[in-house]
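What follows is a short report on a single structure.
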Amino acid sequence: MKKNLDITKGCYIPSIEAEEIYDMSVRGLENIMKYEYSGQIPYSLELIKLRSYSRLFGEKEITKNNKIKYLSDALINIRFKNKVKNGQEITSNVRGYDNLMTRLRNQFRATNKAKRENLKLIQSLKNKREIEKVKKQVSYLENKARLILEHINKAIVNKDNEIYKSKKAPELRKYLYVNPFTFKGREYVFYKRTASKSRQSNTLFILKELHEKMKEWSHMGLDLSGKIDVGSLLAYESLVSSSIESTIEIDTKKILIIDDKFSVFKRPAIEVGSELTATPNKESKIENNIWDGQGLVDISLMESIGKGDKGMILTRQHFWKSCLFNTNIQQFLRDNCPEDIEYSEWKIPDAFGNTPYAKDILVISTSSSCKFMKYAAKGKEKEAYSNWCKRVKKDKNIFGICKHEKPSKHGDYSFSSYQMINTLDIEDVSEIEELAKFEVEYIKSLQGIETENGSYDEGPFIKYLEEKKDISNAYEMLAELYKITPEIVRTKMFRDYRKKQISNYRTKVKGGKLRLQADYLTVVSNPYEMLLAVIGQFNEVKTHTLEGNQVYTPFASTGEYYVARNPHNAMHNWFKVDVVENNLMSKYFNFTPNIIAISSIDNEAMDRLNGMDMDSDTILFFKCKYINSIIEKTLANRNYPIIRNTIKSTPNPVELTNSNISDVDERTAKSQRWIGQITNAAQYQVSLLWDIQNGKEKVDKKTIISEILDNLAVLVVLSNVAIDYAKKAVPIEIDEALRLIRKSEVGKEIVEVKNKKGKIVEKSYARKKPNFWKYVTSSDTETENYNCPMDKLISHINSIEKAGYRKNVSINSLITKGEMKGSDDKQIQDIISAIQKFNYDIKTINATEDECKENQERLIRLEDAYISLDAKISKKVIRQSTMRKIVEMVAKTYDKQKGNAKTDKLSGITIHLLNTLYRNHKETFLNVFKNDR
């Protein structure tokens with residue numbers, strides 16, 4: 001391992017599309033194809049282990065613009081990504097022969113064109129350094145053109161070769177999983193899924209020399225011969241790959257594993273089984289694993305890592321996932337030591353027959369956290385646990401900490417989701433106005449608040465810029481310009497940028513993101529009963545602390561409130577809690593306001609909250625009295641029993657081969673697409689329900705709404721199935737189930753198609769989507785107004801008055817007067833060219849990556865683009881006269897003055913240009929502007 005390596009930094013690896021690695025490796029096109037280090041092995045137990053094989057891992061450190069990054073070619077992230085266009089699923093195919101030839105020929109023409117342009121540029125250059133630089137580029141392009149031509153000729157000769165035939169996505173996956181491929185002259189083989197993208201099935205391939213060592217470590221020596229549950233194994237082996245914020249040393253001798261306990265009871269419910277029909281059952285049998293995924297950790301261990309003031313840590317190790325809650329374990333044990341035993345001599349049995357001393361117990365967890373038990377032979381559980389302890393000890397008893405609970409970044413407020421807003425029974429628009437009151441006032445403040453003397457208070461927008469600034473926006477630059485010359489807010493440049501940012505924020509609000517008095521709290525279930533189980537006083541599964549829907553949390557004062565959990569698909573998912581004081585809780589547990597203790601004993605909370613467990617699941621707890629009152633009214637207006645998934649999973653054990661893993665991953669890859677589709681389908685049904693309930697009179701509203709509720713129940717269950725599909729397959733066709741629900745005529749209207757003579761030739765049932773659809777999906781579909789909460793919200797946000805008129809000020813009037821003699825026109829052109837290329841790259845990244853704004857690879861590529869640009873611009877010595885000329889060129893584009901040809905090139909890049917100059921030459925840039933301070 002490198003001496004000065006920052007071990008908490010992740011390592012970047014190549015990330016390549018599956019069809020591209022096929023082209024590069026199998027078709028031999030590697031030397032003309034580009035790839036980026038946009039994949040990442042995050043700081044994790046996996047990375048710690050990889051770094052221990054420093055020679056094979058071959059980690060390199062690079063520094064660009066004072067930013068240090070670590071790179072390695074030891075692993076490659078292969079993306080098996082289905083591309084989405086206009087809402088229609090298009091399966092990604094490997095390029096067949098014809099497509100490949102077209103691409104190569106286009107590439108050959110583009111390369112030759114670039115060479116000609118560079119040769120032409122040489123004729124106009126006078127600077128020797130610049131001429132040499134362009135000549136090198138010409139040489140590179142000539143070599144690339146030669147290589148492309150070689151590939152074209154080779155492909156023509158081998159036209160009928162198997163490698164030039166198309167492969168569909170499943171075939172391609174299987175080929176790469178089964179067959180090693182070469183990259184940079186070295187052989188790579190399938191390794192495992194990436195931890196954060198198991199449903200997307202992004203897959204890691206590893207150097208063949210590292211494979212056996214890392215696979216043995218990943219599987220901790222388990223006997224995985226014969227037929228096993230491969231789907232679960234793939235999920236569990238990736239636990240060590242999860243990103244961690246820090247580590248904690250836990251001696252396994254100080255861990256006590258107890259048996260899981262189950263609460264069995266009956267409740268009225270809507271059951272959805274394999275037939276995918278909603279069936280009411282007044283006595284549906286519910287079985288809760290009351291401590292599923294949770295554990296307790298003594299405060300002394302929390303204090304040893306500086307987290308004594310935190311309420312929980314989510315831990316990872318080999319086949320181990322447990323959310324440990326801050327507890328006074330030792331105090332409890334001392335308080336409950338039998339009178340006839342010395343505390344130092346008291347032994348407590350665990351689930352495997354081991355008897356550690358009570359004084360040594362610092363962590364308590366259950367078998368549900370020990371994923372390796374699933375692969376233990378019957379009667380060999382104790383040996384399996386012993387093996388796990390030895391493996392953890394070999395890794396120096398280091399556990400990864402993925403996260404701890406955190407309060408909202410927005411103070412007393414948190415953002416709602418559109419599903420939560422849309423599942424409120426709202427008929428009166430005044431209710432939406434009250435819910436959105438905070439956001440409406442906030443948007444108005446961003447537009448500028450008119451004062452008594454007719455001026456405008458721009459403070460809220462400037463504060464917004466300062467709070468939200470990052471490398472990808474110009475917020476800091478504009479805020480700094482305002483401080484030295486406040487009139488900048490009246491320029492067209494500032495007004496255009498401000499208008500766009502406020503419009504973006506309004507769009508966010510129209511997507512259901514309302515700040516309400518609420519926060520996300522991590523759930524722990526019956527923790528006191530867990531302590532009782534340790535000392536043998538919890539033989540009968542009954543509560544000793546919280547009854548029914550009572551909860552304990554420092555977040556709220558006593559009283560009744562509502563909570564929700566994502567995914568939140570239906571009105572059935574709202575859950576009322578009753579906050580109470582509890583002396584036992586406050587005595588033995590060190591919970592922060594972002595922890596909430598519930599009871600899962602004889603309580604429907606886990607089903608009501610969409611299959612919640614205690615492995616760090618969070619719920620959104622609403623303090624806002626107004627939304628609580630609306631939820632109360634919603635549940636009072638109609639009965640919404642819990643919806644239960646009674647589909648039986650069908651174990652399909654297979655041998656652990658790469659071919660079988662490929663089949664499992666191909667099925668799993670579909671689940672990411674399903675989740676979004678199911679969520680949207682559920683909200684369409686909810687919108688139909690409200691539109692029919694609150695709209696025009698129907699012949700039989702009751703029947704139609706009943707059918708909609710049945711569809712909704714099926715979709716809620718399908719959502720649970722899709723989320724767990726990476727680990728647990730079920731015997732249903734989700735695509736077919738979705739198709740049938742979409743085809744359902746319920747709630748739709750008859751559409752008549754007439755011929756030219758006016759005769760009806762076709763009748764069909766159809767309905768456009770609600771207006772809010774365009775704010776929460778990427779589908780390109782027609783919309784209309786529905787009488788549903790989300791469409792009411794959009795209408796209300798659209799009605800916000802625009803800001804008052806401010807007289808325009810030219811940028812030129814804010815620039816200090818000075819000589820531009822000595823400005824470097826060549827340098828200006830270089831800077832503009834660099835910004836133009838950067839702007840193109842940014843658009844390409846945003847267009848090619850998936851829609852998720854938090855997509856890790858997208859963020860990495862964006863960050864790299866900014867760092868590369870800054871590295872080019874920061875090393876330039878820019879004179880004041882040159883800076884002034886650039887700013888005046890920008891001024892001309894906004895102030896509608898006639899400029900020259902150079903000014904025309906600034907179209908679409910002015911903000912990027914100014915912001916880049918500000919980031920890299922701040923003082924010189926600001927000196928161009930008048931300083932009113």
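Numbering starts at 1 and runs along the sequence shown. What you see is a predicted model, and the numbers here were worked out from it, not measured in a lab.
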**Request:** Applying side-chain contact (heavy atoms from CB on, under 4.5 Å), run through S15 and R79 and close with a yes or a no.
**Result:** CA-CA 7 Å; S15 185; R79 301 185 300 238; 3.2 Å; yes
**Message:** One pair to check against side chain to side chain donor-acceptor pair (under 3.5 Å): Q683 and N569. What are the steps and the verdict?
**Reply:** CA-CA 7 Å; Q683 287 315 301; N569 290 317; 5.0 Å; no
**Asked** Run the side-chain contact (heavy atoms from CB on, under 4.5 Å) check on R767 and Y684 step by step: do they pass?
**Response** CA-CA 10 Å; R767 185 80 193 266; Y684 176 64; 3.3 Å; yes
**Prompt:** Are F575 and N549 close enough, and set up right, to give a side-chain contact (heavy atoms from CB on, under 4.5 Å), and what steps lead you there?
**Reply:** CA-CA 9 Å; F575 185 63; N549 66 342; 4.0 Å; yes
**Request:** Start with the C-alpha distance between E405 and T592, add both sets of side-chain angles, then the distance that settles side chain to side chain donor-acceptor pair (under 3.5 Å), and finish with yes or no.
**Result:** CA-CA 8 Å; E405 85 285 5; T592 65; 2.7 Å; yes
**Message:** Let's go through D617 and T522 carefully: what are the C-alpha distance in whole Å and the side-chain angles of both, what is the deciding distance for side chain to side chain donor-acceptor pair (under 3.5 Å) to 0.1 Å, and is it a yes or a no?
**Reply:** CA-CA 6 Å; D617 280 5; T522 304; over 6 Å; no
**Message:** With side chain to side chain donor-acceptor pair (under 3.5 Å) as the criterion, how do D428 and S430 come out once you've worked through the C-alpha distance, each side chain's angles and the decisive distance to 0.1 Å?
**Reply:** CA-CA 5 Å; D428 193 336; S430 64; 3.1 Å; yes
**Stepwise side-chain contact (heavy atoms from CB on, under 4.5 Å) check, Y505 with I443** = CA-CA 8 Å; Y505 191 84; I443 291 170; 3.9 Å; yes
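T553 places no side-chain N or O within donor-acceptor distance of the main-chain N or O of I596, the cut-off being under 3.5 Å. Between the side chain of R858 and the backbone N or O of I845, no donor-acceptor pair lies under 3.5 Å. Of the possible polar contacts, one joining the N288 side chain to the S600 backbone as a donor-acceptor pair under 3.5 Å is found. Judged by distance alone, the side chain of S414 and the main-chain N or O of A518 form a donor-acceptor pair under 3.5 Å. For the pair N573 (side chain) and L609 (backbone), a donor-acceptor distance under 3.5 Å is absent. Looking at Q447, its side chain does come within 3.5 Å of a backbone N or O of E801 through a donor-acceptor pair. Judged by distance alone, the side chain of S284 and the main-chain N or O of N281 form no donor-acceptor pair under 3.5 Å. Checking side-chain atoms of R506 against main-chain N and O of I797 turns up a donor-acceptor pair under 3.5 Å. For the pair D791 (side chain) and N771 (backbone), a donor-acceptor distance under 3.5 Å is present. Side chain of T777 to backbone of K774: no donor-acceptor contact under 3.5 angstrom is found.
Distance check: E427 CD to C788 SG gives 13.0 Å after rounding to the nearest 0.5 Å. The line from CD1 of I286 to CG of N603 is 9.0 Å long, rounded to the nearest 0.5 Å. Interatomic distance, CD1 of I270 versus CG of D710, reported as 7.0 Å (0.5 Å rounding). For the atom pair NZ of K702 and CG of D700, the computed distance is 8.5 Å after rounding to the nearest 0.5 Å. A distance of 8.5 Å separates CD1 in I643 from CG in L709, rounded to the nearest 0.5 Å. Going from atom CH2 of W690 over to atom NZ of K792 covers 10.0 Å, rounded to the nearest 0.5 Å.
Counting heavy atoms from C-beta on, the side chains of L793 and Y418 never come closer than 4.5 Å. Counting heavy atoms from C-beta outward, D615 and D292 have side chains that stay 4.5 Å or more apart. Side-chain contact between I631 and L424: present, with at least one pair of heavy atoms (C-beta onward) separated by less than 4.5 Å. Taking the side chain as every heavy atom from C-beta outward, L516 and Y626 never approach each other to under 4.5 Å. Using a 4.5 Å heavy-atom threshold, the side chains of T507 and Y775 count as touching. Looking at N610 and H568, their side chains never come closer than 4.5 Å, going by heavy atoms from C-beta outward. A 4.5 Å side-chain heavy-atom check between R673 and D735 finds at least one atom pair inside the cut-off. Looking at I642 and E604, their side chains come closer than 4.5 Å, going by heavy atoms from C-beta outward.
N566 and S417 get closest at one heavy-atom pair: OD1-OG, 3.9 Å. S408 and Y413 make their closest contact through OG-O, 2.6 Å (heavy atoms, listed as atom of the first residue, atom of the second, distance). The two residues K701 and I692 come nearest to each other via the heavy atoms CE-O, 3.0 Å. When all heavy atoms of M571 and T423 are compared, the pair lying nearest together is CG-O, 3.3 Å. The two residues M790 and K510 come nearest to each other via the heavy atoms CE-O, 3.1 Å. Of all non-hydrogen atoms in I627 and L435, the two that sit nearest each other are CB-CD2, 3.8 Å.
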Show the atom names and distances, to 0.1 Å, of all donor-acceptor pairs under 3.5 Å that link a side chain in residues 737-744 to residues at least two apart or in another chain.
residue	atom	partner	partner atom	Å
R739	NE	E736	OE1	3.1
R739	NH2	E736	OE2	2.8
S744	OG	V746	N	3.3

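Environment of CG in D412: sparse, with no more than 12 heavy atoms of neighbouring residues, nucleotides or ligands closer than 6.0 Å. Around the NZ atom of K500, the shell of radius 6.0 Å holds no more than 12 heavy atoms that belong to other residues, nucleotides or ligands. For E733, the CD atom is loosely surrounded, since the number of other residues' heavy atoms within 6.0 Å does not exceed 12.
For F621 and Y520, the ring centers sit 6.0 Å or farther from each other.
Checked by atom type, the side-chain pair Q693/N637 shows no donor-acceptor distance below 3.5 Å.
Among the candidates V717, L718, N720, the single residue satisfying the side-chain contact (heavy atoms from CB on, under 4.5 Å) test with I647 is V717. For the side-chain contact (heavy atoms from CB on, under 4.5 Å) test with V686, the passing option among I708, L712, D691 is L712; the others fail.
A search for side chain to side chain donor-acceptor pair (under 3.5 Å) contacts involving Y475 returns Q501, not counting sequence neighbours. For the side chain to side chain donor-acceptor pair (under 3.5 Å) test, residues two or more places apart in sequence or in another chain that qualify with E632 are Y562, K576. Residues meeting the side chain to side chain donor-acceptor pair (under 3.5 Å) test with N628, sequence neighbours left out: none. S616 is linked by a side chain to side chain donor-acceptor pair (under 3.5 Å) to K403, counting only residues two or more places apart in sequence or in another chain.
Using bins of under 30°, 30° to 60° and over 60° for the plane-to-plane angle, the ring pair H572/Y640 lands in the perpendicular bin.
Under the 4.0 Å criterion applied to side-chain N and carboxylate O atoms, D665 and R193 are assigned as salt-bridge partners.
Residue pairs meeting the salt bridge (charged side-chain N to carboxylate O under 4.0 Å, His left out) criterion with at least one partner in residues 511-521, sequence neighbours excluded, are E439-R515.
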